[in-house]
2 protein chains.
Amino acid sequence: MNVVNESPRRKELTRLAAQLFVQEGFDRTTVRMLAQEMGIKSGSLFHHFRDKQEILAAVIEEGTQNALSLARHALEQCGASPEERLHAMARAHLETLLTDRNAHVVALYEWRRLDSEARAHLSHLRDAYEALWEAVIDEALDGGLIRGDRFLVSRFVMGALNWTVRWYDPEGPRKPEDLAHELIAMIAPSTQAAQAGSTKV
Amino acid sequence: MNVVNESPRRKELTRLAAQLFVQEGFDRTTVRMLAQEMGIKSGSLFHHFRDKQEILAAVIEEGTQNALSLARHALEQCGASPEERLHAMARAHLETLLTDRNAHVVALYEWRRLDSEARAHLSHLRDAYEALWEAVIDEALDGGLIRGDRFLVSRFVMGALNWTVRWYDPEGPRKPEDLAHELIAMIAPSTQAAQAGSTKV
DNA sequence: AGATCAACCAAGCAAGCGCTAGTGTAAACC
DNA sequence: GGTTTACACTAGCGCTTGCTTGGTTGATCT
């Protein structure tokens, strides 16, 4: 068995699993469906993963890791103003959700299907990502870009972002970047973003 | 069998089912779990419902119906200003999600588990509720309370509201009404709500 | 050439799943 | 007082589930 290993094959299988988990949900995805999608028999799956739980854990780890590094990169590239930083975070978040459209979605929507030890092992990753958000939200509050209760504002923003998964149409005209722009225009109406947002309609 | 019937017993069973569906998710909830929660044997369940799908449909119908009538009532009671009406809608929405905390949550989070005929039968209810929201959002846009793209604004707001289910603590100090207030303060900062919101922190 | 190893397969087990069939019973109705 | 009705039970069928076992293959290394 290949449990700890991070072989390229396992990476690829994780990618395919993420896709199915998004399509069907974790519970409805059977090991036989996973195997078929991967072009192998169901028994062979357990050469790469100890059990179904571990597949979920692998997907969620990759999804969060990916979101985290993309967000960090975006923050390094962008300017220093609270608005630019908030925009960079929102854009990065939406791109991992809507363009890649796989592992990060699973991380958000199937988190509670993890057993307690997997949750314990992955929560630090999750916390790191959320800390990034909290910091950027704090800057925006301190800079007067937005107003309100830290706790509530960050959760409302995350809700607006995470819910996009339910209605976003990748074939449509709107890109993740546009969504990020409009969201910030909505909550910070005294900015350039707001002007652009209201005339763009 | 008691399929079309709306007996009081069935109503009660539907309420219990909603609770379990929220706790465990529809897929993970077995008919045996449902039966045990109801104090009967699993076979007896099918005297009240044709199959498990029908239980889900009953829960979702009740949840949406309930949200719809509560929202209508709230709109009748409140004032005529766009802000008051938006607040009334948000508050009603949050109360069905967080206080009742059952059927409406299932309606939002398990909708895609409905088979196609149940979805067809229930979509008009859902549409009616969403139409109510669209109208109130339109008034807020026309009245200059908020700005932006209709489509996006309404979806961002719904996202912020619906995501509360994931983090809200009913034992905590914040009431649904407070959340509604803060959300409106966040997206419409030029109002009384905004002043109250920013000083309240 | 022999040993090693990752990757896979065929076959199937035990448990749990949704659901059915047939029966019992107490209250309600004519 | 006999029939109907609502609600529950027992027992289990047929199927799917996650997972295991024991064995085969072909490439790589020594």
Side-chain angles (χ1 to χ4, degrees), chain A residues 1-60 106 110 112-119, chain B residues 1-60 106 110 112-119:
Chain A
M1 228 177 271
N2 210 352
V3 165
V4 196
N5 194 325
E6 279 293 331
S7 67
R9 183 74 175 126
R10 184 175 148 129
K11 265 263 155 93
E12 192 197 336
L13 298 182
T14 304
R15 231 197 59 247
L16 287 168
Q19 195 182 329
L20 261 181
F21 287 165
V22 171
Q23 249 173 60
E24 306 285 330
F26 176 71
D27 290 326
R28 269 201 147 75
T29 306
T30 69
V31 293
R32 279 166 246 263
M33 291 166 65
L34 286 164
Q36 189 172 24
E37 194 76 8
M38 296 163 177
I40 58 180
K41 300 293 174 177
S42 72
S44 311
L45 245 174
F46 298 91
H47 172 71
H48 301 278
F49 303 92
R50 181 168 26 206
D51 51 26
K52 199 188 167 193
Q53 264 288 316
E54 202 183 70
I55 307 181
L56 178 61
V59 170
I60 290 187
V106 176
E110 308 285 357
R112 66 181 196 145
R113 299 302 169 207
L114 287 172
D115 58 33
S116 52
E117 48 179 320
R119 233 194 314 252
Chain B
M1 227 176 272
N2 210 352
V3 165
V4 197
N5 196 325
E6 279 294 330
S7 67
R9 183 75 174 128
R10 185 174 147 130
K11 265 264 154 94
E12 191 197 337
L13 298 182
T14 304
R15 232 197 60 247
L16 287 168
Q19 194 181 329
L20 260 181
F21 287 164
V22 171
Q23 246 173 62
E24 305 286 329
F26 175 71
D27 290 327
R28 270 205 148 81
T29 305
T30 69
V31 294
R32 281 167 245 262
M33 293 165 64
L34 286 164
Q36 190 174 22
E37 194 78 8
M38 296 163 179
I40 57 181
K41 300 292 174 176
S42 72
S44 311
L45 244 175
F46 297 93
H47 171 72
H48 302 278
F49 302 93
R50 181 165 28 205
D51 50 29
K52 198 187 165 193
Q53 263 289 316
E54 202 184 72
I55 306 181
L56 178 61
V59 170
I60 290 186
V106 176
E110 307 285 358
R112 67 180 195 147
R113 300 302 170 206
L114 286 172
D115 59 32
S116 51
E117 47 180 320
R119 231 192 319 249

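The model shown is predicted, which means the values in this text are computed figures rather than measured ones. Proteins come first, then strands; the chains are lettered A, B, ... in the order of their sequence lines, and each starts at number 1.
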Report task. Rounded off to whole Å, could you give me the CG-to-P distance for the Leu45(A) and dT21(D) pair? Result -> 17 Å

Query raised in the report: Is any side-chain N or O of Arg32(A) under 3.5 Å from a base N or O of dG18(D), one able to act as donor and the other as acceptor?
Result: yes

Requested in this report: Can you figure out which of dG18(D), dC19(C), dA7(C) approaches the side chain of Val31(A) most closely?
Outcome: dG18(D)

Query raised in the report: Is His48(B) near enough to dA8(D) that one of its side-chain N or O atoms lies under 4.0 angstrom from OP1 or OP2?
Result: yes

Report summary line: Out of dA8(D), dC8(C), dG18(D), minimum distance to the side chain of Lys52(A) belongs to dG18(D)

**Report entry** Step-by-step side chain to side chain contact (heavy atoms under 4.5 Å, CB included) determination, Leu16(A) to Gln19(A)
**Finding:** CA-CA 5 Å; Leu16(A) 287 168; Gln19(A) 195 182 329; 4.2 Å; yes

Requested in this report: Mind checking Lys41(A) for me? I need base, sugar-phosphate or nothing, with any heavy atom below 4.0 Å counting as a touch.
Outcome: sugar-phosphate

Query raised in the report: Taking atom P of dG18(C) as reference, at what distance in whole Å does atom CG of Asp27(A) sit?
Result: 12 Å

Query raised in the report: So which one's nearest nucleotide on DNA chain D is more toward 5', Arg28(A) or Arg9(B)?
Result: Arg9(B)

Query - salt_bridge(Glu12(B), Arg9(B)) N-O dist < 4.0 Å - result: yes

Query raised in the report: Closer to the 5' end of DNA chain C via nearest nucleotide, is it Leu13(A) or Asp51(B)?
Result: Leu13(A)

Query raised in the report: Does Ser44(A) place a side-chain N or O at less than 4.0 Å from the phosphate oxygens OP1/OP2 of dC9(C)?
Result: yes

Report summary line: Whole-Å distance, Phe46(B) CZ to dC19(C) P, equals 5 Å

Query raised in the report: When you check the phosphate oxygens OP1 and OP2 of dC8(C), does a side-chain N or O of His47(A) lie under 4.0 Å from one of them?
Result: no

Report summary line: Whole-Å distance, Ile40(A) CD1 to dT25(D) C1', equals 15 Å

